[in-house]
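A short write-up of the structure that comes next.
By convention here, the first residue in the shown sequence is residue 1.
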Amino acid sequence: MASPAVHDLNSLISSEGRDFLIRNNGDQVKISSLIGKNVGLYFSASWCPPCRRFTPIFAGVYEKLASKGDFEVIFVSSDRDDNSFKDYFSKMPWLSIPFSDSDTIKRLKELFKVRGIPNLVVLDANGKVSTDQGVRMVSDHGVDAYPFTSEQIQLLKEREEEAKRNQTISSILVSNSRNYLISNDGNQIPVSALEGKVIGLYFSVYGHGACDEFTPILVDAYKKLKEKGQNFEIVLISFNDEDEEFKEALKSMPWLALPLKDEKCKELIRYFELSEIPTLVIIGQDGKTLHPNAVELVEEHGSDAYPFTPEQLEKLAEIQKAKLESQTLESLLVHGENDFVIEKSGAKIPVSELVGKNILLYFSAHWCPPCRAFLPKLIEAYNEIKQKDKEFEVVFISSDRDQDSFQEFFSGMPWLALPFGDERKKLLNRRFKIQGIPALVALNQSGHTVSTEARKLISAHGADAYPFTDERLKQLEEELEEEAKGWPEKLKHELHEAHELVKTRRSYVCDGCDGVGSGWSFHCAECDFDLHPKCALKKKEESKEEGKEGWVCEGDVCRRKA
């Protein structure tokens with residue numbers, strides 16, 4: 001954000017007895033020689049990983065801008081000792097405030113409200129702040145961001161929108177210095193050879209778990225389409241840093257790639273507004289974007305997702321609907337010879353013995369703190385439900401990293417599990433689109449999916465949420481609404497004496513019992529403070545009616561004492 005303040009460069013970066021800056025070879029440069037230039041104040045440190053990643057990128061931009069003669073950068077160090085400063089500064093092509101001048105460094109950080117690094121504040125030729133978002137500008141636009149004004153960024157955005165309207169495969173993949181892609185055998189393939197094809201732009205990181213799991217699936221779909229003679233190609237856009245990692249990735253991929261660290265890689269992240277990896281952007285034969293991310297389509301349908309047109313997606317939606325309607329427990333848990341789950345003893349229990357029961361699929365892992373925190377709540381609900389309905393079971397699906405961790409975690413559970421490392425785990429993760437753990441998927445007696453949000457339901461309602469159907473949730477909602485009619489609209493509570501708490505509908509974490517709540521809360525908007533109604537009303541209810549049942553808060557929910 002630009003600031004209206006105008007700074008005198010001499011008084012800004014000089015100090016008593018020092019009217020110069022230094023280069024990494026020890027040479028001194030008079031501050032007066034920078035007057036009339038655009039100047040970047042680069043707040044950074046060697047101990048900061050994001051700084052170390054950004055500095056070489058910024059250095060490349062600086063080298064291209066240096067020839068203009070009207071731009072300079074001054075390093076403002078946050079290093080902890082002189083040796084660290086010298087080693088880090090030796091990699092920089094610009095100037096620096098001496099490390100020994102800690103007073104000036106501190107003053108600049110306070111003046112420009114530097115709360116995190118790397119941070120790049122750019123002053124224009126008159127000493128006015130052009131931007132304090134220089135790091136983002138350089139990351140997003142590189143040398144084109146110069147002179148780092150809001151007007152320049154707006155111009156670049158307008159150009160980008162124009163480019164999207166006139167998008168072609170060449171405008172996406174060709175740069176000023178390169179008009180080719182590389183194959184996994186090292187040959188250069190002209191981008192023009194892709195004209196008229198359906199293209200998948202595969203944004204990936206070799207060694208990243210989700211990418212490594214998806215790549216073989218994509219390879220299989222790609223090979224099947226090639227065997228059918230389909231007009232389809234894939235281009236890898238790798239975010240790996242090391243050449244060896246990039247080469248290893250290409251060995252497993254039969255398609256083309258942008259060169260490692262090509263200038264287009266970061267540009268395409270912004271252009272396609274990437275938010276996750278892996279991402280597979282589909283470009284149609286006309287060069288226009290067909291689908292922003294077809295990863296789930298390929299995971300679910302493989303080569304049948306081709307050619308990724310709206311018509312094909314409608315067909316796939318019908319297929320998916322039919323698959324859901326015909327889903328059974330066995331179709332989910334039986335895969336080849338794997339037709340069993342296990343007890344803690346290792347004894348195999350045929351999946352057929354679970355048919356006809358209400359099932360929770362519990363995706364979890366020992367290394368995951370939220371999973372460990374949720375487990376006691378789930379065990380409590382499990383035991384209560386089993387007392388009411390013997391035709392209920394939980395199956396643990398582990399994301400643990402080794403057999404010992406799996407065994408240790410599973411030993412504290414009263415239910416069944418898939419064996420550690422079972423291939424069915426990946427199939428179930430894809431089937432239910434598991435993005436995070438812990439997760440609970442509820443299946444009814446027919447094997448149909450009742451809810452993929454059973455964790456939230458257990459957290460909010462405990463065993464009362466069973467059997468997790470819409471009808472049961474509606475009933476709980478009606479009961480809660482009826483109960484809420486007798487609650488005050490506002491109240492004061494000893495746990496939050498500063499303000500009144502207002503009865504509010506929201507999702508929250510109770511500040512009284514730390515339980516997760518949804519529905520009604522007694523809430524202070526000013527302090528973001530919440531009490532579950534049963535926590536907020538506990539003492540009032542007990543004192544109001546002598547002998548009435550009290551309330552107890554356990555785990556993630558407050559409820560009546562038994």
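Judged by distance alone, the side chains of Tyr202 and Ser238 never bring a donor and an acceptor atom under 3.5 Å apart.
Taking the ring centre of Phe340 as origin, the terminal cationic atom of Arg424 falls inside the region bounded by 6.0 Å and 45° from the ring axis. Under a cutoff of 6.0 Å and an axis angle of 45°, Arg455 and Phe374 form a cation-pi pair.
Using a 4.5 Å cut-off on side-chain heavy atoms (C-beta onward), Arg430 and Lys426 make contact. Looking at heavy atoms from C-beta onward, Ile349 lies out of side-chain contact with Ile342 at the 4.5 angstrom threshold. Considering only heavy atoms from C-beta on, Phe43 comes within 4.5 Å of Val121 through its side chain. Looking only at side-chain heavy atoms (C-beta outward), Thr279 and Phe272 stay at 4.5 Å or farther from each other.
Comment: Glu500 does not engage Lys492 in a salt bridge, judged by the lack of any side-chain N to carboxylate O separation of less than 4.0 angstrom. Salt-bridge check for Glu471 with Lys474: failed, with every basic side-chain N at 4.0 Å or more from each acidic carboxylate O. A salt bridge links Lys91 to Asp87: at least one charged side-chain nitrogen sits closer than 4.0 Å to a carboxylate oxygen. Ion pair Arg115/Glu110 not flagged as a salt bridge, since none of the NZ, NE, NH1 or NH2 atoms sits closer than 4.0 Å to an Asp/Glu carboxylate oxygen. Lys456 and Glu453 are not joined by a salt bridge, as no carboxylate oxygen comes within less than 4.0 angstrom of a charged side-chain nitrogen.
Partner of Val395 under the side chain to side chain contact (heavy atoms under 4.5 Å, CB included) criterion, out of Leu332, Ile359, Leu329, Val351: Ile359 alone.
Around NZ of Lys323, the count of heavy atoms belonging to other residues, nucleotides or ligands within 6.0 Å exceeds 12. The number of heavy-atom neighbours closer than 6.0 Å to CZ of Arg136, taken from other residues, nucleotides and ligands shown, is 12 or below.
Taking the six-membered ring where the residue is Trp, Phe75 and Tyr42 present tilted rings, their angle falling between 30° and 60°. Between Phe396 and Phe410, the angle of the ring planes lies from 30° to 60°, which puts this pair in the tilted group. Aromatic ring orientation, His366 versus Phe409: perpendicular (interplanar angle above 60°, classes split at 30° and 60°). Note on ring orientation: taking the six-membered ring where Trp is involved, the planes of Phe89 and Phe85 are parallel (angle under 30°, cut-offs 30° and 60°). Ring geometry for Phe420 versus Phe406: interplanar angle of 30 to 60°, hence tilted.
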Exercise for the section: For side chain to side chain donor-acceptor pair (under 3.5 Å), just list the numbers for Gln327 and His448, CA-CA rounded to whole Å, side-chain angles, deciding distance to a tenth of an Å, and then say yes or no. Expected result: CA-CA 6 Å; Gln327 176 181 295; His448 293 167; over 6 Å; no
Q: Apply ring-ring contact (aromatic ring centres under 6.0 Å, His included) to the pair Tyr466 and Phe392, showing each step before the final yes or no.
A: CA-CA 10 Å; Tyr466 183 77; Phe392 167 71; 5.2 Å; yes
Query - Working for ring-ring contact (aromatic ring centres under 6.0 Å, His included), residues His496 and Phe529 - result: CA-CA 8 Å; His496 191 71; Phe529 181 92; 4.4 Å; yes
Kindly indicate, with the supporting measurements, whether the criterion side-chain contact (heavy atoms from CB on, under 4.5 Å) is fulfilled by Leu361 and Phe432.
CA-CA 10 Å; Leu361 301 178; Phe432 294 110; 3.7 Å; yes
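The line from NZ of Lys357 to CG of Asp389 is 9.5 Å long, rounded to the nearest 0.5 Å.
Residue Leu41 comes nearest to Val76 through the heavy atom pair CB-CG2, 4.5 Å, listed as atom of the first residue, atom of the second, then distance. Nearest approach of Pro414 to Asn383, heavy atoms of both residues: CG-OD1, 4.4 Å. Closest of all the heavy-atom pairs between Glu497 and Glu494 is CG-O, 3.5 Å.
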